[in-house]
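First comes the structure, then the notes that go with it.
Order of listing sets the numbers, starting from 1, for every ligand and every atom in it.
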Amino acid sequence: MIRLPLLSTVIKNLFKPPATNPFPKTEPVPVPENFRGKIVYNVDKCVGCRMCVTVCPAGVFVYLPEIRKVALWTGRCVFCKQCVDVCPTGALQMSDEFLLASYDKYDEKFIYVTPEEAQEIKKKLEEKKKAKSKSKAQ
Ligand code: SF4
Ligand code: SF4
């Protein structure tokens, strides 16, 4: 005798709606709490301690000694969250963002603190320094 133990399940499933999420026609499946998405860097909170440079296993960070900040290329990130855990000021956070496909590996969405931005920060720091020494001299 032929046994077909799955037949009743197959017939039942034929009358049920699909269980898949037809993205991109719909929203993606929501991410859970504490999801590890794209790194977010708040340059103003950074104190240049270099802890993130030390712990990152993927070489995402470059220390910029002139401005005591870091530059990031998140195209290398493996989403391990070690930099977030070690950062003493909360300058690094993990976002919910995970739709990161791009045709350009140096897409600006992967970069924090471009050489131009670093120059801007340097200029501002120098102006601040000048203003401080001026007010001291008065
Ligand atoms: S999450 Fe991990 S791999 Fe990504 S930047 Fe932080 S330490 Fe580096
Ligand atoms: S660990 Fe945080 S404060 Fe220290 S250099 Fe990195 S981002 Fe800046």
Side-chain angles (χ1 to χ4, degrees):
M1 188 184 146
I2 302 169
R3 289 186 176 201
L4 295 168
L6 285 177
L7 188 61
S8 63
T9 309
V10 170
I11 291 169
K12 259 189 235 161
N13 282 343
L14 279 175
F15 298 98
K16 282 186 187 168
T20 47
N21 179 25
F23 179 81
K25 283 185 195 155
T26 58
E27 286 297 310
V29 175
V31 297
E33 211 181 312
N34 296 327
F35 177 77
R36 301 203 299 241
K38 186 191 160 192
I39 286 283
V40 177
Y41 174 50
N42 184 336
V43 71
D44 296 328
K45 280 189 178 178
C46 178
V47 291
C49 67
R50 276 180 281 178
M51 296 292 275
C52 52
V53 186
T54 306
V55 297
C56 180
V60 165
F61 299 90
V62 175
Y63 183 58
L64 306 172
E66 286 189 324
I67 55 171
R68 300 188 66 199
K69 304 284 181 193
V70 286
L72 287 76
W73 178 48
T74 63
R76 297 182 73 110
C77 179
V78 296
F79 307 93
C80 68
K81 195 174 172 262
Q82 293 201 79
C83 57
V84 175
D85 290 342
V86 84
C87 178
T89 63
L92 294 163
Q93 297 295 330
M94 306 230 62
S95 69
D96 285 348
E97 202 184 337
F98 65 93
L99 299 172
L100 302 170
S102 173
Y103 286 108
D104 178 7
K105 69 176 179 175
Y106 297 123
D107 192 320
E108 61 182 26
K109 72 180 174 186
F110 298 137
I111 297 170
Y112 284 105
V113 187
T114 59
E116 294 77 29
E117 284 165 347
Q119 280 305 319
E120 272 300 303
I121 296 170
K122 195 180 163 192
K123 235 192 213 170
K124 274 185 195 161
L125 282 176
E126 280 167 359
E127 277 164 17
K128 240 187 199 175
K129 233 183 183 178
K130 266 185 203 165
K132 219 179 183 182
S133 57
K134 236 186 195 177
S135 69
K136 258 187 189 172
Q138 280 168 0

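- Of all heavy-atom pairs spanning Cys80 and Pro57, the tightest one is SG-CD, 3.8 Å.
- Separation of atoms CG (Leu72) and NZ (Lys38) is listed at 9.5 Å; rounding is to 0.5 Å.
- Residues Arg68 and Tyr63 are in side-chain contact: their nearest non-hydrogen atoms beyond the backbone lie under 4.5 Å apart.
- Counting heavy-atom neighbours within 6.0 Å of Lys109 NZ, excluding the residue itself, gives a total above 12.
- Residue-ligand proximity, Tyr41 to ligand 2, at heavy-atom distances under 4.0 Å covers atoms 7 (S).
- The CD atom of Glu97 sits 10.0 Å away from the CZ atom of Phe35 when rounded to the nearest 0.5 Å.
- Taking CD1 from Ile39 and CH2 from Trp73, the interatomic distance works out to 15.0 Å, rounded to the nearest 0.5 Å.
- When heavy-atom distances to ligand 1 are checked against a 4.0 Å cut-off, Arg36 has no atom that comes that close, whether in backbone or side chain.
- With a 4.0 Å heavy-atom cut-off, ligand 2 is reached by the side chain of Leu92 but not by its N, CA, C or O.
- Using a 4.0 Å cut-off between heavy atoms, Val47 contacts ligand 2 through both its backbone and its side chain.
- Of the protein's non-hydrogen atoms, Cys77 SG, 2.3 Å is the one closest to atom 4 (Fe) of ligand 1.
- For the atom pair OG (Ser95) and CG (Leu100), the distance works out to 7.5 Å, reported to the nearest 0.5 Å.
- Using a non-hydrogen distance threshold of 4.0 Å, Val55 does not register as a contact of ligand 1.
- At the top of the distance list for atom 8 (Fe) of ligand 2, counting protein heavy atoms only, stands Cys46 SG, 2.3 Å.
- Of the protein's heavy atoms, Cys87 SG, 2.3 Å lies nearest to atom 2 (Fe) of ligand 2.
- Here the side chain of Lys81 pairs no donor or acceptor atom with the backbone of Met94 at under 3.5 angstrom.
- Taking a cut-off of under 4.0 Å to the non-hydrogen atoms of Lys81, the atoms of ligand 1 that pass are 1 (S), 2 (Fe).
- The protein non-hydrogen atom at the shortest distance from atom 6 (Fe) of ligand 2 is Cys52 SG, 2.3 Å.
- Counting heavy atoms from C-beta on, the side chains of Phe61 and Leu92 come closer than 4.5 Å.
- In terms of protein heavy-atom proximity, atom 3 (S) of ligand 1 is closest to Val78 N, 3.3 Å.
- Using a 4.5 Å heavy-atom cutoff, the side chains of Tyr41 and Val60 are not in contact.
- With a 4.0 Å heavy-atom cut-off, ligand 2 is reached by the backbone of Arg50 but not by any atom from C-beta on.
- Distances below 4.0 Å separate heavy atoms of Cys56 from the following atoms of ligand 1: 3 (S), 5 (S), 7 (S), 8 (Fe).
- Residue Cys83 does not count as close to atom 6 (Fe) of ligand 2, with no N, O or S atom under 2.8 Å.
- Of all the atoms in ligand 1, the ones that sit under 4.0 Å from a non-hydrogen atom of Cys80 are 1 (S), 2 (Fe), 3 (S), 7 (S).
- Residue-ligand proximity: Thr89 is placed with a non-hydrogen atom under 4.0 Å from ligand 2.
- Between Tyr112 and Val40 the shortest side-chain heavy-atom distance falls below 4.5 Å.
- Proximity of Val60 to ligand 1, defined as any heavy-atom pair under 4.0 Å, is confined to the side chain (atoms from C-beta onward).
- With a heavy-atom cut-off of 4.0 Å, Phe61 does not touch ligand 2 at all.
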